[in-house]
There are 2 protein chains.
Amino acid sequence: MKTKESKIPEATIKRLSTYINCLERLQAENNPVTSSEMLGESCQVSPAQIRKDLSYFGEFGVRGVGYDTKKLEGEIKEILGLNHNWPTTVVGVGKLGQALLNFAFFSKHGFRIIAAFDSDENKIGNEIAHGVTILPTTEIEKTVKNEKITIGIITTPADSAQEVADKLVAGGIKGLLNFAPIKVKVPEIITLRNVSITSELDNLAYLLTQKKR
Amino acid sequence: MKTKESKIPEATIKRLSTYINCLERLQAENNPVTSSEMLGESCQVSPAQIRKDLSYFGEFGVRGVGYDTKKLEGEIKEILGLNHNWPTTVVGVGKLGQALLNFAFFSKHGFRIIAAFDSDENKIGNEIAHGVTILPTTEIEKTVKNEKITIGIITTPADSAQEVADKLVAGGIKGLLNFAPIKVKVPEIITLRNVSITSELDNLAYLLTQKKR
DNA sequence: GCAACAATGTGATAACTCTCACAGGATCGT
DNA sequence: ACGATCCTGTGAGAGTTATCACATTGTTGC
């Protein structure tokens, strides 16, 4: 399985992620095989869109039959690189950080939480998972370097996000996911995604305002 | 000037939301006036993109000068409908729900938390904010109806998301923001946004995998 | 009052993404 | 073995979004 070297839409990648969820559900509902139509129904994407998305990466179905749900899930995980074991850290163990740490998601998608950091002295030393205790943020650079952590998740307040990002970068992080409500800046080499949870609410407000008129 | 709004890209709406954040920061940094270049630098969007985005809604700047940061922030909030006072509820007061409730964001963007619900009996009755206590999910329909709640935020586990959505809809909710890792289905009339936090992580994994090759 | 300048607003164009329709290939029944 | 049927994979085209270049218009200095 090798990618054709055309550029792949970002939206496609986003959808692939949701396909995994839907395929899991379909399996749980006893569907060893599915069609692009059934999968589309399940995750609210058009069948043609699904086939197109998959076609960027190869051929995963059987014509006249459909897709093996379990196999397809594995293929998509392969495509997204979720079969790696990404050493990951969470910085900022507030409510949002804890919410993320709670998700069963991490292990299922190949992310291994190696460390967690916070600046609150009361939290330091607390165990957040099997063998992972909260460290002070002063330890970020050293720990990232020693443990070869590749992914950093920033769930701090806005005013410390950039500082934390700098420390992670100094430690040699490869990818950053920033949930703080401010866009952080890092060197070109770092893969960065700024996620704005709240903008979804703004978006909803806009759509509702439109509908009224 | 077109009479009926031509279709505005969803991406534009998303960016407008981030412009608000950046404009606030610029104001905090003592910039009463900014240019599309400075604002673009601040929120990592091209100057042309910013001007185009704004042009969908009117003319907000002064040629040769730029934009009044405070005024523009107000204009964008007006466009997004954040000057309304949206009666809002959060269903599922787990870590993610609590994280959202903690954000100062709500009041600043015109969302007023009217009620919160959870199915955990130990949480029911707890006060989460000035005068808002957690109610059992059995009260959803009645409360939404009585309080005329228009926006519902779902932060439950996947397996109760659809059930909760149905109750909110039964109560007459207008817009739904679903953070549960499963797409819920609601009647056409309801404005719905399914948000997948975890897909951002998958996306990051993909980008990192690509970079390696 | 006017020229030089600065930064917006926008039509034209390029780039990207989705949709459609159907060809390709597998399976099933007879 | 063969036709009917099914569902995938994909090129072509429609539709959407971003970029570019510059005309436009307000400001400033002399």
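Note that the structure is a prediction, hence the values are computed from the model and not measured.
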_A:R15 vs C:dC18: side-chain N/O to OP1/OP2 distance below 4.0 Å_ = yes

*Charged N to carboxylate O below 4.0 Å: is that the case for B:E75 and B:K71?*
no

*Rounded distance (Å) that lies between atom C1' of D:dC7 and atom CD of A:E37*: 10 Å

*Atom-to-atom span, CZ of A:R63 to C1' of C:dC28 - whole angstrom*: 19 Å

*asked:* Please tell me if A:Y67 has a side-chain N or O lying less than 4.0 Å from either OP1 or OP2 of C:dA26.
replied: no

_From the set D:dT10, C:dC18, D:dT19, return the single nucleotide nearest to any side-chain atom of B:S46._
D:dT19

*asked:* Has A:E59 got a side-chain atom pairing as donor or acceptor with A:L54's backbone, closer than 3.5 angstrom?
replied: no

*Check each of A:H109, A:K14, A:K77 against B:D202 using the side-chain hydrogen bond (donor to acceptor under 3.5 Å, both in side chains) test, and report the only one that passes.*
A:H109

_Gap separating the CZ atom of A:R112 from the CD1 atom of A:I114, nearest 0.5 angstrom_ = 4.0 Å

*Would you say D:dC7 has OP1 or OP2 under 4.0 Å from some side-chain N or O of A:S36?*
no

*Rounded to whole angstroms, how far apart are CG on B:L16 and P on D:dT17?*
14 Å

*Rounding to a whole Å, what distance do you find between B:L39:CG and C:dA6:C1'?*
17 Å

*Side chain of B:R51 only, please: which of D:dC22, C:dC18, D:dA18 is the nearest?*
D:dC22

*asked:* Using whole Å, what does the distance between atom P of nucleotide C:dG9 and atom CD of B:E75 come to?
replied: 11 Å

*asked:* Looking only at the side chain of A:S35 (C-beta and beyond, no hydrogens), which of the listed nucleotides D:dC7, C:dT17, D:dG26 gets closest?
replied: D:dC7

*CD of B:E59 versus P of D:dT24: gap in Å, rounded?*
13 Å

*asked:* How many whole angstroms separate atom NZ of A:K7 from atom C1' of C:dA15?
replied: 9 Å

*Please state how far atom NZ in B:K71 lies from atom P in C:dT8, giving the value in whole angstrom units.*
14 Å

_Residue A:Q49, side-chain heavy atoms: nucleotide from C:dT19, D:dG9, C:dT17 that is nearest_ = C:dT19

_side-chain hydrogen bond (donor to acceptor under 3.5 Å, both in side chains) between A:Q162 and A:D166, worked out_ = CA-CA 6 Å; A:Q162 183 62 56; A:D166 293 342; 2.9 Å; yes

